[in-house]
Amino acid sequence: MSERALYATVQAYSEVEKYLPILAERKNLNEKLLWSVWRILPVEIVAPSTLGPAWEKAWHCLHQRDPNDVPTLALALEHDWPIWSQDKDFEEARDVCKVYSTAELLRILDS
């Protein structure tokens, strides 16, 4: 794994691609530009182990709220990585994993 990469599960990667056109329309952004930026981001797709304590903790934390988010939390727990997401479902995960919103990351990068 690369130090300069962003990591995502297949589910998370697919969700970004599903909602990118919707985001462009809602925010009145250039969709082609958004796709260009998305394609150059160093995103590596990684699958979490579906066995073990990370998966169990992620399942316990999120399966009732959004089972599609379980793999992302499991991956973060497995590697002790933070999560960057605007998804409100991850509010439930803040007790077990560091979760950053875009605004929080921008504040950190500005300081």
Side-chain angles (χ1 to χ4, degrees):
M1 294 189 194
S2 169
E3 242 181 73
R4 295 183 180 259
L6 300 170
Y7 302 102
T9 61
V10 170
Q11 295 88 339
Y13 193 92
S14 297
E15 195 168 339
V16 169
E17 293 199 329
K18 175 182 174 184
Y19 286 106
L20 200 137
I22 296 166
L23 173 68
E25 185 176 329
R26 281 189 188 163
K27 299 294 184 181
N28 198 26
L29 300 170
N30 182 315
E31 184 178 338
K32 286 183 182 181
L33 180 60
L34 282 178
W35 278 110
S36 295
V37 171
W38 174 243
R39 288 192 179 107
I40 64 168
L41 285 173
V43 179
E44 288 184 30
I45 296 176
V46 181
S49 172
T50 56
L51 301 172
W55 185 269
E56 289 175 21
K57 188 181 275 191
W59 178 258
H60 177 72
C61 186
L62 291 178
H63 83 278
Q64 290 182 327
R65 185 138 179 174
D66 187 348
N68 291 326
D69 291 333
V70 170
T72 296
L73 180 57
L75 184 65
L77 292 172
E78 194 174 297
H79 294 280
D80 194 27
W81 293 336
I83 294 173
W84 169 26
S85 179
Q86 294 296 118
D87 188 334
K88 298 294 183 202
D89 293 333
F90 284 107
E91 292 296 320
E92 297 293 319
R94 287 189 181 262
D95 291 339
V96 296
C97 179
K98 183 64 182 162
V99 179
Y100 293 100
S101 68
T102 300
E104 289 171 311
L105 282 180
L106 289 174
R107 276 193 299 274
I108 291 167
L109 293 172
D110 279 343
S111 58

With distance as the sole criterion, is a donor-acceptor pair present between the side chains of Trp55 and Ser49 under 3.5 Å?
-> no
Is the charged tip of Lys88 near the ring of Phe90: under 6.0 Å from the six-membered ring centre and within 45° of its axis?
-> no
In this structure, CD1 of Ile83 is separated from CZ of Arg94 (nearest 0.5 Å) by 9.5 Å
In this structure, are over 12 heavy atoms from other groups packed under 6.0 Å from Trp81 atom CH2?
-> yes
Under 3.5 Å donor-acceptor, Glu44 side chain and Ala8 backbone = no
Check: residues 12-19 side-chain donor-acceptor pairs under 3.5 Å, at least two apart:
unit_1: Ser14; atom_1: OG; unit_2: Val10; atom_2: O; d: 3.0
unit_1: Glu17; atom_1: OE2; unit_2: Trp38; atom_2: NE1; d: 3.1

First locate atom CD of Gln11, then atom CG of Asn68, and finally report the distance between them rounded to the nearest 0.5 Å.
-> 6.5 Å
Give a yes or no on this: more than 12 heavy atoms of other residues, nucleotides or ligands lie within 6.0 Å of atom NE2 of His60.
-> no
Val96 and Leu77: which non-hydrogen atoms are nearest, and at how many Å?
-> O-CD2, 3.2 Å
Taking atom CD of Glu25 and atom CD of Glu31, what is their separation to the nearest 0.5 Å?
-> 8.5 Å
Crowded around Asn30 CG? As in, over 12 foreign heavy atoms under 6.0 Å?
-> yes
Atom pair CD/CG of Gln86 and Leu23 - distance to nearest 0.5 Å | 10.0 Å
All heavy atoms of Thr9 vs all of Pro48, minimum pair found to be CG2-CD, 4.0 Å
Residues which pass ring-ring contact (aromatic ring centres under 6.0 Å, His included) with His63, listed by chain and number, not counting sequence neighbours = Trp59
Hey, quick one: are Ile45 and Val70 part of the same hydrophobic cluster, counting side-chain heavy atoms closer than 4.5 Å, chains of contacts allowed?
-> no
Kindly compute the distance separating CG (Asp69) from CG (Leu73), expressed to the nearest 0.5 Å.
-> 8.5 Å
Rounded distance (nearest 0.5 Å) linking atom CG of Leu41 with atom CG of Leu6 = 6.0 Å
List the atom of Leu62, the atom of Glu92, and the distance in Å for their closest heavy-atom pair.
-> CD2-CB, 3.8 Å
Closest heavy-atom pair, Ala76 versus Cys97, reported as atoms and distance to 0.1 Å, is CB-SG, 3.8 Å
Here the pair of heavy atoms bringing Ala54 nearest to Ala74 is CB-O, 3.7 Å
